[in-house]
Amino acid sequence: TALDSYAKALEVASRVSPPLAPRRVMDIYQRRGQIWRLMSRMADSLTELDRMLTMAREADDRFAEAQALVDLSLTHWLFFSSEHAPLTKSCAEEALRIGREIGDEEIVAKSLSYLGLVHQVDGDLVRGDEKLEESLRISEARGFKDAIAQDLTWLGAHAGWRGEFRRAIPLCLRAEETARENHDGLSELLGLAFRCLALIGLGEYEQGLATINEGLTKARDRESVWVVGRLTN
């Protein structure tokens, strides 16, 4: 429904006279990209975000350019493909550079978070945690809830992968709570998925199964195919 409404908005925007400010159209492309990402349609997400990036560069809008790069970085990473890892890194590094140039700390925080995920792909969880924790410090100080949710999610995941299950669970719970407050459906589902793994690791099978079923209900409702598959597994 949201995608259909945004498509109609784009159609109307093309007929408006005088033309709409580019930022309003870029906002539509960004939101469509985020919706496709939630639905595990990463290629479609890239298409929308690439349109936003092109428009931002044509309009010399550095803020929108950095936002597009941050979203592109996350989408490339969610392909879980070695082919996309360098693109995750290059988009995050470019966004970080612009964020520091224009003094946008939210862009800086998100870029650091995604560079942490690049270290994760390289198998270096220590350096990954360093970037995620730096991002979390900035985000908590400034109240950037979407970045807070993402940082907590992956710090929880890393703790679980090291077998630190009792540390992972509260991190994931905080991630889920923050994501719900910010209407970030993907981070909430990811935090929940890593929390159920930690519960299983502790042998808390009844609670783990209840968490899985809660997550499946939410993931199906949000048409998040990848999370449905993950939780079923």
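Nothing fancy with the numbering, it's 1 onward along the sequence. For the numbers below, each heavy atom of this structure counts, side chains included, while hydrogens, waters and symmetry mates do not.
Under 4.0 Å is where a charged nitrogen must lie from a carboxylate oxygen, and between Asp4 and Lys8 at least one such pair does. Using a cut-off of 4.0 Å between Lys/Arg side-chain N and Asp/Glu carboxylate O, Glu176 and Arg195 are scored as salt-bridged. The residues Asp146 and Lys110 are annotated as salt-bridged, a charged nitrogen and a carboxylate oxygen being separated by less than 4.0 angstrom. Ion pair Glu223/Lys218 not flagged as a salt bridge, since none of the NZ, NE, NH1 or NH2 atoms sits closer than 4.0 Å to an Asp/Glu carboxylate oxygen. The pair Glu65-Arg62 meets the salt-bridge criterion, since a charged nitrogen lies less than 4.0 angstrom from a carboxylate oxygen.
Contact of the Ile107 side chain with the Ile98 side chain is not registered, since no non-hydrogen atoms from C-beta on lie closer than 4.5 Å. Side-chain contact between Trp226 and Met39 is absent, with no heavy-atom pair separated by less than 4.5 Å. No side-chain heavy atom of Asn182 sits less than 4.5 Å from a side-chain heavy atom of Thr178. Residues Leu132 and Leu136 fail the side-chain proximity criterion, which asks for heavy atoms closer than 4.5 Å. The shortest distance between side-chain heavy atoms of Leu78 and Thr75 does not fall below 4.5 Å. Within the 4.5 Å cutoff, the side chain of Cys172 has no heavy atoms near those of the Thr153 side chain. By the 4.5 Å heavy-atom criterion applied to side chains, Leu96 and Leu112 are counted as neighbours. Gln30 has its side chain within reach of Asp27: a pair of non-hydrogen atoms, C-beta onward, lies under 4.5 Å apart.
Atom CG of residue Leu197 and atom CH2 of residue Trp161 lie 9.5 Å apart, to the nearest 0.5 angstrom. Here the CG atom belonging to Leu189 is positioned 4.5 Å from the CZ atom belonging to Arg222, to the nearest 0.5 angstrom. To the nearest 0.5 Å, the span separating CG on Leu199 from OH on Tyr205 amounts to 11.0 Å. For the atom pair Glu93 CD and Leu115 CG, the distance stands at 5.5 Å (nearest 0.5 Å). In this structure, CE in Met26 is found 6.5 Å from CE in Met52, a value given to the nearest 0.5 Å. Put simply, CZ on Arg23 and CD1 on Ile28 are 13.5 Å apart, with the number rounded to the nearest 0.5 Å.
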Begin with the C-alpha distance, continue with both residues' side-chain angles, and end with the deciding distance and a verdict on side chain to side chain contact (heavy atoms under 4.5 Å, CB included) for Cys91 and Val70. CA-CA 7 Å; Cys91 288; Val70 162; over 6 Å; no

For side chain to side chain contact (heavy atoms under 4.5 Å, CB included), just list the numbers for Glu133 and Arg137, CA-CA rounded to whole Å, side-chain angles, deciding distance to a tenth of an Å, and then say yes or no. CA-CA 6 Å; Glu133 287 166 355; Arg137 284 193 296 273; 4.1 Å; yes

Is there a salt bridge (Lys or Arg N to Asp or Glu O under 4.0 Å) between Glu181 and Lys145? Walk through the geometry before answering. CA-CA 8 Å; Glu181 290 173 0; Lys145 288 190 175 181; 3.0 Å; yes

With side chain to side chain contact (heavy atoms under 4.5 Å, CB included) as the criterion, how do Thr232 and Ile212 come out once you've worked through the C-alpha distance, each side chain's angles and the decisive distance to 0.1 Å? CA-CA 8 Å; Thr232 303; Ile212 291 168; over 6 Å; no

Show your working on side chain to side chain contact (heavy atoms under 4.5 Å, CB included) between Arg127 and Asp122 and close with a plain yes or no. CA-CA 10 Å; Arg127 291 183 69 193; Asp122 291 336; over 6 Å; no

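The hydrophobic cluster containing Leu53 also contains Met42, counting ILVMFWY residues as joined when their side-chain heavy atoms lie under 4.5 angstrom apart, directly or transitively. Tracing side-chain contacts under 4.5 Å through hydrophobic residues (I, L, V, M, F, W, Y), one never reaches Leu49 starting from Leu10; they form parts of separate clusters. Put simply, Leu74 and Val118 are part of two different groups of oily side chains (I, L, V, M, F, W, Y) that touch within less than 4.5 Å, one to the next. Grouping the Ile, Leu, Val, Met, Phe, Trp and Tyr side chains by contacts below 4.5 angstrom, directly or via other members, places Val228 with Phe80. Hydrophobic clustering places Leu155 together with Leu190 (ILVMFWY residues linked when any side-chain heavy atoms are closer than 4.5 Å, directly or through intermediates).
The shortest non-hydrogen separation linking Leu20 to Arg24 is CD2-NH1, 3.8 Å. Contact record, Tyr29 with Met55: CE1-SD, 3.8 Å, taken as the closest heavy-atom pair. Closest approach of Gly160 to Phe165, counting heavy atoms only: O-CE2, 3.4 Å. Contact between Thr88 and Trp77 at its shortest, heavy atoms only, is OG1-N, 3.1 Å. When all heavy atoms of Ala2 and Ile35 are compared, the closest pair comes out as CB-CD1, 3.6 Å. The shortest non-hydrogen separation linking Gly99 to Val108 is C-CG2, 3.8 Å.
Of the possible donor and acceptor atoms, none in the side chain of Ser224 sits under 3.5 Å from a partner among the backbone N and O of Arg220. Checked by atom type and distance alone, the side chain of Ser90 pairs as donor or acceptor with a backbone atom of Leu87 at under 3.5 Å. Panel note: side chain Thr211, backbone Gln207; a donor-acceptor pair is recorded below 3.5 Å.
Checking Arg32, Arg37, Arg31, Arg41 one by one against Glu48, the salt bridge (Lys or Arg N to Asp or Glu O under 4.0 Å) holds for a single residue, Arg32. With Tyr114 as the fixed residue, the side-chain hydrogen bond (donor to acceptor under 3.5 Å, both in side chains) test singles out one of Gln120, His76, Lys89, Gln150: Gln150.
The neighbour count for Arg166 CZ, taken as heavy atoms of other residues, nucleotides or ligands under 6.0 Å away, does not exceed 12.
For Asp129 and His158, the side-chain atoms include at least one donor-acceptor pair closer than 3.5 Å.
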